[in-house]
Amino acid sequence: MSITVSELCIDRSGKRIVDHVSFSVDDGCSLSILGPNGAGKTTLMRALCGLLPYSGTVDVDGERLDRLTRVEAAKRIGYVAQDMTALNVRLSVFELLLLAQNSHRVSWRTGSGNQDAAMEVLSRLGLERFADAVPQALSGGERQMIALALALVKKPRLLLLDEPTSALDLANQLTMLEAVHRYTREKGIVTLSILHDMNLATRYADDALMLVDGTRRYHGATAEIMTPERLSEVYGVTCRTLSVDDGAYTAIYPVNVRRG
Ligand SMILES: Nc1ncnc2c1ncn2[C@@H]1O[C@H](COP(=O)(O)OP(=O)(O)OP(=O)(O)O)[C@@H](O)[C@H]1O
């Protein structure tokens, strides 16, 4: 699986929100989409899963996204939105996992294969204890993890995650992103994640795309993009980098907001 986005432009209410953005991601790789609030990250992601009209081209595994039917696109793409209202139904997590595998079909019957896949994804994410729970009775962070399970159980070729760790505690941030990272490599899919946490981006994304005012400011290998100079320019924050575990990780420490 690979994705190539060329000259993507998106207008909302007559205003250009994403302006000629291009990038590509190879199979088994993950890209973090970064940038200040309002930069156009969610708008870009919603267009990539067919929820917003755009100009330019998006090729998913060599096929034009706008030429796929809704069903074909739904089979290939898994999307975890910031807003999780889709979970406001009176079904258990396990039932939702069965339903998600058939969401592109008009009529369906669940087989043991569907049930195995549901259990497998819960086990991969360490969420077996929630199988019988109703999402409405879960906490915000627990619901966010269930939303990820629902996207993965569809076996997407392109996984789109909009701030997937915004409600998660420290341990769950690492557990979920580690699981996504492993899944992306193992299945040769492509994962795009909108992240505000620079340390999670440096740790789990191969490449980074930095948007500013709807345009591509920087794109490339995460380690090359995440320099104090660039973070200062894009976010207006003075940052220092710290080498952790003899250079195994580079941590980013935000010192202060630059004035002026
Ligand atoms: N339906 C709309 N009509 C007009 N403007 C919109 C619409 N949706 C979004 N925008 C504008 O587009 C810009 C980008 O919004 P978007 O949600 O893509 O930003 P973002 O980078 O994801 O921000 P955040 O980090 O805060 O989530 C914002 O200025 C927003 O006000």
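Quick note: numbers below take in every heavy atom, side chains included, and nothing from hydrogens, waters or symmetry partners. In this chain, numbering begins with 1 at the start of the sequence shown. Counting starts at 1 for both ligands and their atoms, in listed order.
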A.B. asks: May I have all residue pairs that pass salt bridge (charged side-chain N to carboxylate O under 4.0 Å, His left out) and include part of residues 199-215, sequence neighbours excluded?
C.D. replies: Arg185-Asp206
A.B. asks: Measure the distance from atom 7 (C) of ligand 1 to every protein heavy atom, then report the residue, atom name and distance (to 0.1 Å) of the closest one.
C.D. replies: Arg12 CB, 3.9 Å
A.B. asks: I need the nearest protein heavy-atom contact for atom 24 (P) of ligand 1: residue, atom name and distance, please.
C.D. replies: Asn37 ND2, 3.6 Å
A.B. asks: Are a donor atom and an acceptor atom from the side chains of Asp162 and Thr42 found within less than 3.5 Å of each other?
C.D. replies: yes
A.B. asks: Would you please determine whether Glu163 falls within less than 4.0 Å of ligand 1 on a heavy-atom basis?
C.D. replies: yes
A.B. asks: Check the side chains of Thr184 and Thr191 for a donor-acceptor pair under 3.5 angstrom, ignoring hydrogens and angles.
C.D. replies: yes
A.B. asks: Between Leu52, Val18, Thr42, flag the one that comes closest to atom 22 (O) of ligand 1 by a heavy atom.
C.D. replies: Thr42
A.B. asks: Going from CZ on Arg46 to OG1 on Thr43, what distance comes out if it is rounded to the nearest 0.5 angstrom?
C.D. replies: 7.5 Å
A.B. asks: Verify side chain to side chain contact (heavy atoms under 4.5 Å, CB included) between Leu209 and Leu44, making sure each step is shown before the conclusion.
C.D. replies: CA-CA 12 Å; Leu209 169 69; Leu44 167 70; 4.1 Å; yes
A.B. asks: Between Glu72 and Arg76, is there a side-chain N and carboxylate O pair less than 4.0 Å apart?
C.D. replies: no
A.B. asks: Examine Ile17 against ligand 1 and note whether any of their N/O atoms are separated by less than 3.5 Å.
C.D. replies: no
A.B. asks: Return the closest protein heavy atom for atom 15 (O) of ligand 1 as residue, atom name and distance.
C.D. replies: Thr43 OG1, 3.7 Å
A.B. asks: Got a sec, which residues hit salt bridge (Lys or Arg N to Asp or Glu O under 4.0 Å) with Arg64, two or more places apart in sequence or on another chain?
C.D. replies: Asp66
A.B. asks: Against heavy atoms of His196, which atoms of ligand 1 measure under 4.0 Å?
C.D. replies: 25 (O)
A.B. asks: Say whether Gly40 and ligand 1 are in contact under the criterion: heavy-atom distance to a ligand atom below 4.0 Å.
C.D. replies: yes
A.B. asks: Answer yes or no: is there an ion pair linking Lys155 with Glu120, defined by an N-O contact shorter than 4.0 Å?
C.D. replies: no
A.B. asks: Output yes when a protein non-hydrogen atom is found under 4.0 Å of atom 11 (C) of ligand 1, and no otherwise.
C.D. replies: yes
A.B. asks: Could you check atom 21 (O) of ligand 1 against the protein and tell me its nearest heavy-atom contact, residue, atom and distance included?
C.D. replies: Lys41 NZ, 2.8 Å
A.B. asks: Could you list which atoms of ligand 1 come closer than 4.0 Å to a heavy atom of Gln82?
C.D. replies: 27 (O)
A.B. asks: Please tell me if atom 19 (O) of ligand 1 is touched by the protein, where touching means a protein heavy-atom distance below 4.0 Å.
C.D. replies: yes
A.B. asks: Do Arg217 and Glu233 sit within salt-bridge range, that is, some charged N less than 4.0 Å from a carboxylate O?
C.D. replies: yes
A.B. asks: Can you tell me the protein heavy atom closest to atom 4 (C) of ligand 1 and the distance?
C.D. replies: Ser13 OG, 3.4 Å
A.B. asks: Considering non-hydrogen atoms of the protein only, which is the closest contact for atom 23 (O) of ligand 1, and what is the distance?
C.D. replies: Gly38 N, 2.8 Å
